[in-house]
Number of protein chains: 2
Amino acid sequence: MISIDYQSKLPLYEQIAQKFQTLILKGALSPEVQMPSVRTLAVELSINPNTIQKAYSLLEQQGYIYPVKGRGNFVSDSSVLVQKEKESLLEDVRQLIEEGKELGVRQTEFIQVIDRIYRKGD
Amino acid sequence: MISIDYQSKLPLYEQIAQKFQTLILKGALSPEVQMPSVRTLAVELSINPNTIQKAYSLLEQQGYIYPVKGRGNFVSDSSVLVQKEKESLLEDVRQLIEEGKELGVRQTEFIQVIDRIYRKGD
DNA sequence: TTTGTGTACTATATGAAATAATACACTTCA
DNA sequence: TGAAGTGTATTATTTCATATAGTACACAAA
């Protein structure tokens with residue numbers, strides 16, 4: 001379900017948090033679904049439970065999950081988060097394209113990239 | 001000429017290298033121009049010369065500059081690098097847009113972003 | 001020869017990340 | 001009630017990249 005890249009410079013707890021963010025944003029993990037327990041996931045990934053907990057704390061802080069004492073962590077309603085994520089993504093794209101323009105990338109090249117992606121899937 | 005962000009998680013030497021990459025790619029530093037000496041820049045930025053040297057080693061490894069013993073470091077011809085950088089940037093954009101599509105961003109939203117940027121400047 | 005340059009080396013300090021080992025409160029369920 | 005599974009908190013320790021510090025040497029230019 002979750003894999004780890006030990007080559008990456010990103011700390012493990014951030015990698016784990018990011019994976020779950022993606023799963024939640026894309027709807028692969030629906031609201032109210034229970035997250036794997038800290039101990040379970042630690043065993044699965046062969047890392048320390050504290051690292052998992054740190055990832056979960058981060059996810060909670062960002063609004064992706066909420067904890068219930070004695071029961072577990074659960075996925076939050078993510079509709080608001082999706083909107084935020086869209087905005088931040090558009091901002092990232094904007095910055096990249098501005099850079100690209102300065103490097104001499106033509107407008108049509110960007111358009112092509114978009115066209116291909118939106119024609120491909122459906 | 002170069003500023004440092006101590007809030008950033010990026011190591012100093014990577015920050016410095018990135019700044020120079022940008023300057024070189026955008027043509028603000030032309031080929032054959034001499035880089036600031038390791039010691040000079042270290043004093044300017046109030047950091048250790050070894051850190052500058054690490055940044056320069058990285059830049060050399062990536063082909064942005066080349067060293068001449070006893071004389072200094074000089075900016076390489078960057079035309080090839082610009083091409084590489086364009087390709088890598090387009091790839092980054094591609095990935096972001098694919099993510100965006102999955103999150104439900106519409107094609108027109110991306111087009112708008114591009115249009116604004118390419119109409120604005122000129 | 002002197003000055004400024006790159007380069008190399010060793011040692012040390014610092015801080016984030018990760019591990020390890022416990023402990024406690026809570027919920028669920030047999 | 002009691003056992004098992006859950007989150008949560010704490011402290012100590014290890015590990016590693018980063019950054020600093022100090023020194024040394026070879027080369028080029030004036």
Side-chain angles (χ1 to χ4, degrees), chain A residues 1-21 23-24 29 31-76, chain B residues 1-21 23-24 29 31-76:
Chain A
M1 191 178 198
I2 296 285
S3 62
I4 288 183
D5 175 12
Y6 285 98
Q7 310 303 318
S8 165
K9 285 187 204 166
L10 276 183
L12 295 184
Y13 72 92
E14 285 195 24
Q15 283 189 48
I16 295 165
Q18 280 191 5
K19 297 283 173 112
F20 277 112
Q21 286 168 19
L23 289 175
I24 292 172
L29 283 177
E32 309 312 327
V33 162
Q34 181 163 10
M35 298 280 287
S37 90
V38 168
R39 292 174 178 83
T40 303
L41 191 53
V43 172
E44 255 185 48
L45 301 182
S46 306
I47 61 181
N48 195 282
N50 293 343
T51 305
I52 307 290
Q53 165 153 15
K54 202 165 179 182
Y56 279 12
S57 298
L58 189 58
L59 286 169
E60 182 197 347
Q61 184 191 325
Q62 298 172 331
Y64 287 89
I65 64 177
Y66 64 92
V68 180
K69 262 198 173 179
R71 291 193 52 219
N73 284 279
F74 299 86
V75 178
S76 304
Chain B
M1 190 176 199
I2 295 286
S3 62
I4 288 182
D5 175 12
Y6 285 98
Q7 310 303 320
S8 164
K9 284 185 206 166
L10 277 182
L12 296 184
Y13 74 92
E14 285 196 22
Q15 281 188 50
I16 294 165
Q18 281 192 2
K19 297 283 171 114
F20 278 111
Q21 286 169 18
L23 289 174
I24 292 171
L29 284 176
E32 308 313 327
V33 163
Q34 182 164 10
M35 297 282 286
S37 89
V38 168
R39 292 176 178 81
T40 303
L41 191 54
V43 172
E44 256 185 48
L45 301 182
S46 306
I47 61 181
N48 196 282
N50 292 343
T51 305
I52 308 290
Q53 165 152 17
K54 201 164 180 182
Y56 280 12
S57 298
L58 189 58
L59 286 169
E60 183 198 348
Q61 186 192 324
Q62 298 172 331
Y64 286 89
I65 65 178
Y66 63 92
V68 182
K69 262 198 175 180
R71 291 192 53 219
N73 284 280
F74 299 86
V75 177
S76 304

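Here is the naming used below: chain letters follow the sequence lines, and residue numbers restart at 1 for every chain.
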Whole angstrom is fine here: how far is it from [atom1] in [X] over to [atom2] in [N]?
X       : N      : atom1 : atom2 : result
A/Ile4  : C/dA17 : CD1   : C1'   : 13 Å
B/Tyr56 : C/dA8  : OH    : P     : 16 Å
A/Leu41 : D/dG7  : CG    : P     : 10 Å
B/Gln7  : C/dA16 : CD    : P     : 13 Å
B/Gln53 : D/dA24 : CD    : P     : 17 Å
B/Phe74 : D/dA28 : CZ    : P     : 12 Å
B/Ile16 : D/dT18 : CD1   : P     : 13 Å
A/Glu60 : D/dT8  : CD    : P     : 6 Å

Does the side chain to side chain contact (heavy atoms under 4.5 Å, CB included) test come out yes or no for B/Leu45 and B/Thr51, once each step is laid out? CA-CA 11 Å; B/Leu45 301 182; B/Thr51 305; over 6 Å; no
Using the test side-chain hydrogen bond (donor to acceptor under 3.5 Å, both in side chains), find all partners of A/Glu32 that sit at least two apart in sequence or belong to another chain. A/Tyr66
Could you list, one pair per line, each protein nitrogen or oxygen that sits under 3.5 Å from a nitrogen or oxygen of nucleotides 26-28 of chain C, together with the distance?
from: C/dT28; atom 1: OP1; to: A/Arg71; atom 2: NE; distance (Å): 3.4

Between A/Gln61 and A/Ser57, is a side chain to side chain contact (heavy atoms under 4.5 Å, CB included) present by the stated rule, with each step listed? CA-CA 6 Å; A/Gln61 184 191 325; A/Ser57 298; 6.0 Å; no
OP1 or OP2 of C/dG4 sitting under 4.0 Å from any side-chain N/O of B/Ser37? no
Can you check whether B/Asn73 has a side-chain N or O nearer than 4.0 Å to OP1 or OP2 of C/dT5? no
When you measure from the side chain of B/Gln15 to the backbone N and O of B/Ile4, does any donor-acceptor pair fall under 3.5 Å? no
May I have the step-by-step check of side chain to side chain contact (heavy atoms under 4.5 Å, CB included) for A/Ile16 and A/Leu59, ending in yes or no? CA-CA 10 Å; A/Ile16 295 165; A/Leu59 286 169; 5.9 Å; no
Apply salt bridge (charged side-chain N to carboxylate O under 4.0 Å, His left out) to A/Glu14 and list each qualifying residue two or more places apart in sequence or on a separate chain. B/Lys9
Test of understanding: with salt bridge (charged side-chain N to carboxylate O under 4.0 Å, His left out), list the residues that count as partners of A/Lys69, not counting sequence neighbours. none
Please write out each protein N/O paired with an N/O of nucleotides 18-23 of chain C under 3.5 Å, distance rounded to 0.1 Å.
from: C/dA18; atom 1: OP1; to: A/Leu12; atom 2: N; distance (Å): 2.5
from: C/dA18; atom 1: OP2; to: A/Leu12; atom 2: N; distance (Å): 3.1
from: C/dT19; atom 1: OP2; to: A/Asn48; atom 2: N; distance (Å): 3.2
from: C/dT19; atom 1: OP2; to: A/Thr51; atom 2: OG1; distance (Å): 2.9
from: C/dA20; atom 1: N7; to: A/Asn50; atom 2: ND2; distance (Å): 3.3
from: C/dA20; atom 1: N6; to: A/Asn50; atom 2: ND2; distance (Å): 2.7
from: C/dA21; atom 1: N6; to: A/Asn50; atom 2: ND2; distance (Å): 3.4

Rounded at 0.5 Å granularity, tell me how far OG1 in B/Thr40 sits from CD1 in B/Ile52.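 Here the interatomic distance stands at 10.0 Å.
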The criterion is side-chain contact (heavy atoms from CB on, under 4.5 Å); which residues satisfy it with A/Lys19, sequence neighbours excluded?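 Expected list: A/Ile2, A/Ser3.
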